[in-house]
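Below, read A as the first sequence line, B as the second, and so on, with proteins coming before strands; counting in each chain starts at 1.
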Amino acid sequence: MQKSVNLQVNQLYLERGDRDLCQDLTFSVTSGELVRVAGENGAGKSSLMKALLGWLPIESGQIEYKGEDVTVHRDVLLADQLYLGHTPGIKTVLTPLENLRLYCPEASLQALEQALEHVQLGPYADIPAAQLSAGQKRRVALARLWLTDKPLWLLDEPFTALDHAGVLALEAHIKTHLDSGGAVMLTTHQTLLTLSAKTVELAAA
Amino acid sequence: MNYTSFFKAEWLSLLRRKQDTLNALLFFVMVITLFPLGVDPSSEFLAPAAGGIIWCATALSVLMAVEGLFKEDFNDGSLEQWLASGLSVSVLVLLKVLAQWLMVMVPLLLALPVLAQMLFLPWSSLLTVMGSLLLGTPALFLIGAIGAALTVSLRRGAVLMLLLILPLYIPVIIFATGAIRAAQLQMSVSGQLAILAAMSIVALALAPVMTAISIKASVN
Ligand SMILES: Nc1ncnc2c1ncn2[C@@H]1O[C@H](COP(=O)(O)OP(=O)(O)OP(=O)(O)O)[C@@H](O)[C@H]1O
Ligand SMILES: [Mg+2]
């Protein structure tokens with residue numbers, strides 16, 4: 001099944017309090033594309049993701065997904081995306097396996113265990129997430145990327161707390177996703193090691 | 001994420017955090033034992049007051065249980081995942097409240113017959129007390145969920161939440177204790193119980209939607 005993504009952002013204005021986060025921002029995310037949102041701390045990268053998902057009001061401009069205005073019909077975008085934020089929703093009282101089972105109920109036990117192997121968490125599958133390190137917790141959330149068939153990934157700082165090998169593995173997986181027609185929009189302060197990305201710059205006003 | 005996997009995960013988290021539930025139950029038992037110890041241990045005082053004592057203790061333990069209902073979900077980013085899942089947040093809220101209700105109310109109802117003895121509550125009214133709890137507490141939990149969602153992003157939201165929620169608990173408590181008093185006077189209780197059920201049904205219809213709106217407003 002070929003994935004297809006077509007997200008268009010036109011002349012977007014975002015505000016937070018009295019501060020302009022972006023003015024006249026225009027970019028697109030289409031199949032096979034990796035888009036990196038860049039900007040200093042507080043520039044509004046996370047806010048932009050949240051605006052796409054509909055949790056922040058947009059001042060003016062359009063966001064269109066597959067030709068439909070998302071402020072009117074957000075279901076198509078919501079059904080197509082996988083979002084991982086700064087805090088990716090990992091329950092610390094549950095084990096990595098139970099966390100994955102919550103988010104990916106269709107996957108078989110074997111597939112879940114395989115996904116945990118991919119992020120080097122095989123031996124930790126049955127330990128409460130509270131007892132994992134920061135990077136390991138991040139990996140639990142990232143394991144979802146090995147189980148999903150959603151075409152559009154919205155990843156807010158996916159590389160934080162990951163070690164070098166972890167970054168490489170994630171980049172390789174992102175590459176496979178892009179090659180199969182998916183698209184990724186991510187924010188990171190690190191330089192990408194193997195991937196080349198289209199950059200959207202959020203300059204502080 | 002789907003509704004089944006969500007409910008399972010909620011239930012599992014509650015089981016892992018047994019201590020919190022146990023605290024609410026312990027609190028319930030403590031409040032009830034304080035009355036015979038602190039006010040008057042005679043059956044002339046306790047028997048007529050039993051309904052009120054049980055209901056105040058229940059309302060307080062429910063408040064304790066729901067106060068931080070969404071705190072952890074807010075902190076660990078689960079609320080964002082609810083909103084991003086494309087599922088109805090109202091239904092997720094309802095499932096979460098249902099899990100919490102079962103976790104608190106089942107042990108509470110099991111402990112009730114013993115505690116009722118301590119308060120000299122006649123056996124004939126025990127059934128009415130249980131019925132009023134079954135019919136009335138869903139409203140308490142659902143209203144509490146609205147308050148918990150409204151204050152989830154505030155650092156010291158607990159007191160504000162009490163001020164918001166307690167006034168809304170009063171009608172439930174009034175009709176519940178009214179039913180129990182009527183039962184003790186051998187009068188019909190069906191009217192009061194019906195009103196309690198109506199309040200829970202209204203809460204069932206409105207509270208999840210309002211909670212979902214508050215959750216969406218708190219995630220930004
Ligand atoms: N919950 C909030 N309420 C009010 N203002 C906020 C909130 N979160 C962020 N802001 C403000 O919005 C602006 C943009 O924040 P945002 O989180 O989008 O930045 P960011 O680019 O993701 O930064 P970082 O690189 O640190 O993740 C900041 O100036 C911040 O002060
Ligand atoms: Mg950010």
Side-chain angles (χ1 to χ4, degrees), chain A residues 14-17 21 44 46-47 49-58 73-95 97-107 112 128-130 137-138 140-141 144 147-148 150 152-157, chain B residues 1-23 65 68-93 95-96 99-100 103 149-150 152-153 155 211-220:
Chain A
L14 281 184
E15 248 180 35
R16 196 121 209 198
L21 298 183
S46 305
S47 304
M49 296 248 183
K50 290 176 181 179
L52 291 180
L53 289 160
W55 309 335
L56 273 186
I58 57 179
H73 288 289
R74 206 175 291 276
D75 332 359
V76 192
L77 174 61
L78 282 183
D80 270 7
Q81 57 72 43
L82 190 153
Y83 166 78
L84 294 179
H86 281 285
T87 46
I90 296 306
K91 292 244 148 282
T92 51
V93 286
L94 302 181
T95 67
L97 200 59
E98 288 159 353
N99 269 296
L100 282 189
R101 216 178 260 141
L102 159 66
Y103 288 111
C104 315
E106 329 56 38
L112 295 176
K137 267 183 220 148
R138 166 79 36 186
V140 178
R144 286 173 62 190
L147 291 163
T148 182
K150 306 263 172 155
L152 176 61
W153 296 355
L154 304 172
L155 309 177
D156 200 352
E157 311 272 2
Chain B
M1 187 152 85
N2 61 25
Y3 297 121
T4 329
S5 76
F6 175 79
F7 186 78
K8 277 188 195 151
E10 280 304 323
W11 188 249
L12 206 57
S13 318
L14 281 174
L15 286 178
R16 296 273 158 84
R17 273 187 275 104
K18 280 194 282 297
Q19 195 54 49
D20 293 359
T21 322
L22 222 63
N23 284 349
L69 194 60
F70 302 112
K71 204 81 203 167
E72 207 178 287
D73 296 317
F74 178 76
N75 290 333
D76 67 17
S78 298
L79 294 185
E80 289 186 351
Q81 292 299 328
W82 296 9
L83 290 166
S85 69
L87 302 173
S88 153
V89 179
S90 310
V91 177
L92 295 179
V93 166
L95 290 173
K96 189 173 174 88
Q100 186 85 32
M103 198 52 135
L150 276 174
V152 72
S153 59
R155 234 167 304 127
T211 310
I213 294 172
S214 321
I215 284 177
K216 195 166 173 195
S218 72
V219 171
N220 64 34

- Query: With a 4.5 angstrom heavy-atom cut-off, which part of A:K50 approaches chain B: side chain, backbone, both or neither?
  - Reply: side chain
- Message: Using 0.5 Å steps for rounding, measure from the NZ atom of B:K8 to the CG atom of A:L102.
- Response: 11.0 Å
- Smallest heavy-atom separation, B:N220 atom then A:R16 atom, equals C-NH2, 2.9 Å
- Item | A:H73 NE2: over 12 foreign heavy atoms closer than 6.0 Å | no
- Roughly how far, to the nearest 0.5 Å, is OG of B:S13 from CG of A:N99? 8.5 Å
- Message: Minimum heavy-atom separation for A:V93 and B:R16, please, with both atom names.
- Response: O-NH1, 3.0 Å
- Item | Part of A:L84 lying under 4.5 Å from any heavy atom of chain B | both
- Item | Interface moiety of A:R144 toward chain B, non-hydrogen atoms closer than 4.5 Å | side chain
- Message: Nearest 0.5 angstrom please: B:S78 OG to A:I90 CD1, how far?
- Response: 8.0 Å
- Task: Of all the heavy-atom pairs spanning B:K216 and A:G54, show the shortest one and how long it is.
- Result: CE-O, 3.5 Å
- Proximal component of B:N75, with respect to chain A [non-hydrogen, under 4.5 Å]: backbone
- Message: Under 4.5 Å from any heavy atom of chain A, what part of B:Q81 do you find: side chain, backbone, both or neither?
- Response: side chain
- Message: Show the nearest heavy-atom pair for residues A:T87 and B:E80, with the distance to one decimal.
- Response: O-OE1, 4.2 Å
- Under a 4.5 Å heavy-atom cut-off, does chain B meet the side chain of A:L56, its backbone, both or neither? side chain
- Query: Considering all heavy atoms of both residues, which atom of B:A84 and which atom of A:W55 are nearest to each other, and what is their separation?
  - Reply: N-CZ2, 3.8 Å
- How far apart are the C-alpha atoms of B:L12 and A:L94, what are their side-chain angles, what is the distance that settles it, and do they pass the side chain to side chain contact (heavy atoms under 4.5 Å, CB included) test? CA-CA 8 Å; B:L12 206 57; A:L94 302 181; 3.8 Å; yes
